[in-house]
Amino acid sequence: MPGTVLLLAASPAGKSCLVDAASVLPILAAVAPDVLSGTDTANVVELADPLEPQAVLTRLRAAATAPGPLTVFLTGQLQLDRRQRLPHLALARTTPATVRYTGFPWHWIREELRLRTPGSTAVVVDLHTDAETWQHLATQPLTVGPGALLYGRVAPPPPRRAVASPTYMKSVATILRSGHRPPLAHLHQQALTRSSGEDPEAARRDIVLTVDPTQPVHHTPPAQPPMHPVPGFQPAPPPSVPVQVSLPAPVPAPAALMAPAPSPPPSDPHAEITAAVESGRHAEAAELAGRQEQEALRAHGPGADEVVHWMEVRADLAMFAGDAELSCRIWLAVADVRLAAGQEPAAPGVEAAVDRAHHQWGRIDDSARARELGPALAGLRLRVPGRRQGALDDVQRHLSRLQAQV
């Protein structure tokens, strides 16, 4: 099965730029697609200094829904929005004051990757941060979803008026240009060794990310804070970052002393659902998700996070099946449940639910069904305007056109 590769390099223009992210793309683009992906064939999508968060989301969503393995090579810088204190990937137009509207929220990556089969997704990152975000990551390590592999490094701010080089990702690209792709864990270690030759302080300074959900993980502290901190910046205590540890094989015990073989682990409903979707069995996937939602409802009660999760899965499955009306209805219900549970209108989960309901509503072909759902969406948009300016006006204009057709 062919793989998919997304090459994403993003950093702001002008004084806000901390890293020359785009400089790595020519090296990565020179690597054969099959080597980038680790599959026999692969589709490669390249995004260089994108301007709009929605453009990044569209490409990421398309890559995440493609069958087969997915590898994301992401180079750039992280910044916090001043309102919710959430990390964003800074894009070309991002400034410290506008990151909430012009940056790409990191949690969108987790949202788009959450339905993929565990072990089929790898994210390789080379990220730089400003001082505020570096402190934030001391207590909130980056993640990309429960089933995705994450390798790379996060670097603190470069010296004042300096623009850093993505030495880690350039090392990854240089190694891959040899035509051989080692296992990602080995590639990661080779890249760290190679990049430390260009930047000897990196090994003591950077946060190293090595997260493999298929392997046992131990929490160990990252490298030490930077040797030359930014003026006025006091490094926070180092965060605990999951790091894969290779353990020696145990010595075989005598047969009489060996414990009975463990029972096989329970099947992963997410993997079953993904397999059904990839095979075009959308009704079966929806039925599986519906059963999981009912089990969560009986176990945890209405409004529980587990219930909301499976509602969101069903909404996505309806989208994959081309049922925009059902997807819109479920996303509207998700938003109502989250708000009823006391979440703020600006909470990421609430905003995401309303944004997706809005998107699916615009894809409903049946005018009568769209007219039926329009007032509910407009009412939610009054409470949850979202990040896109004019979203409520868009709903009202489209609803007016629909009503004029009666």
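Just so it is clear, the values below take in all heavy atoms, side chains as well, and ignore hydrogens, waters and symmetry mates.
Checked for salt-bridge contact, Lys170 and Asp126 miss the test: no charged N lies under 4.0 Å from a carboxylate O. With respect to the salt-bridge test (charged N to carboxylate O, under 4.0 angstrom), the residues Arg329 and Glu372 qualify. No salt bridge links Arg61 with Glu111; every basic N to acidic carboxylate O contact stays at or beyond 4.0 Å. Between Glu132 and Arg85 there is a salt bridge, since a side-chain N of the basic residue sits under 4.0 Å from a carboxylate O of the acidic one. Salt bridge Asp355/Arg381: present, at least one basic N to carboxylate O contact under 4.0 Å.
Within the 3.5 Å criterion, the main-chain N or O of Thr102 finds a donor-acceptor partner in the side chain of Thr94. Side chain of Ser195 to main chain of Leu192: a donor-acceptor pair is present (N/O by atom type, distance under 3.5 Å, no hydrogens or angles). Distance alone, capped at 3.5 Å, places no donor-acceptor pair between the Arg116 side chain and the Gly147 backbone.
A distance of 6.0 Å or more separates the ring centres of His359 and Trp331.
A donor atom on one side chain and an acceptor atom on the other are not found under 3.5 Å apart for Ser171 and Thr174.
Of the residues Met169, His188, His128, the one that meets the side chain to side chain contact (heavy atoms under 4.5 Å, CB included) test with Arg153 is His128. Of the residues listed (Leu380, Asp394, Leu332, Leu392), the one engaging His358 in a side chain to side chain contact (heavy atoms under 4.5 Å, CB included) is Asp394, and it is the only one.
Closest non-hydrogen pair, Trp134 versus Arg205, comes out as CH2-O, 3.5 Å.
At a threshold of 4.5 Å between non-hydrogen side-chain atoms, the residues Leu60 and Leu6 count as touching.
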Result block: side-chain N/O donor-acceptor pairs under 3.5 angstrom for residues 288-304, not counting sequence neighbours:
residue, atom, partner, partner atom, Å
Arg291, NH1, Glu287, OE2, 3.3
Glu293, OE1, Arg314, NE, 2.4
Glu293, OE1, Arg314, NH2, 3.2

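Ser37 meets the side chain to side chain donor-acceptor pair (under 3.5 Å) test with Thr39; sequence neighbours excluded.
Rounded to the nearest 0.5 Å, atoms NE2 (His88) and CD (Gln79) are 10.0 Å apart.
Sequence neighbours left out, the pairs with a member in residues 46-59 that pass side chain to side chain donor-acceptor pair (under 3.5 Å) are Glu52-Arg93.
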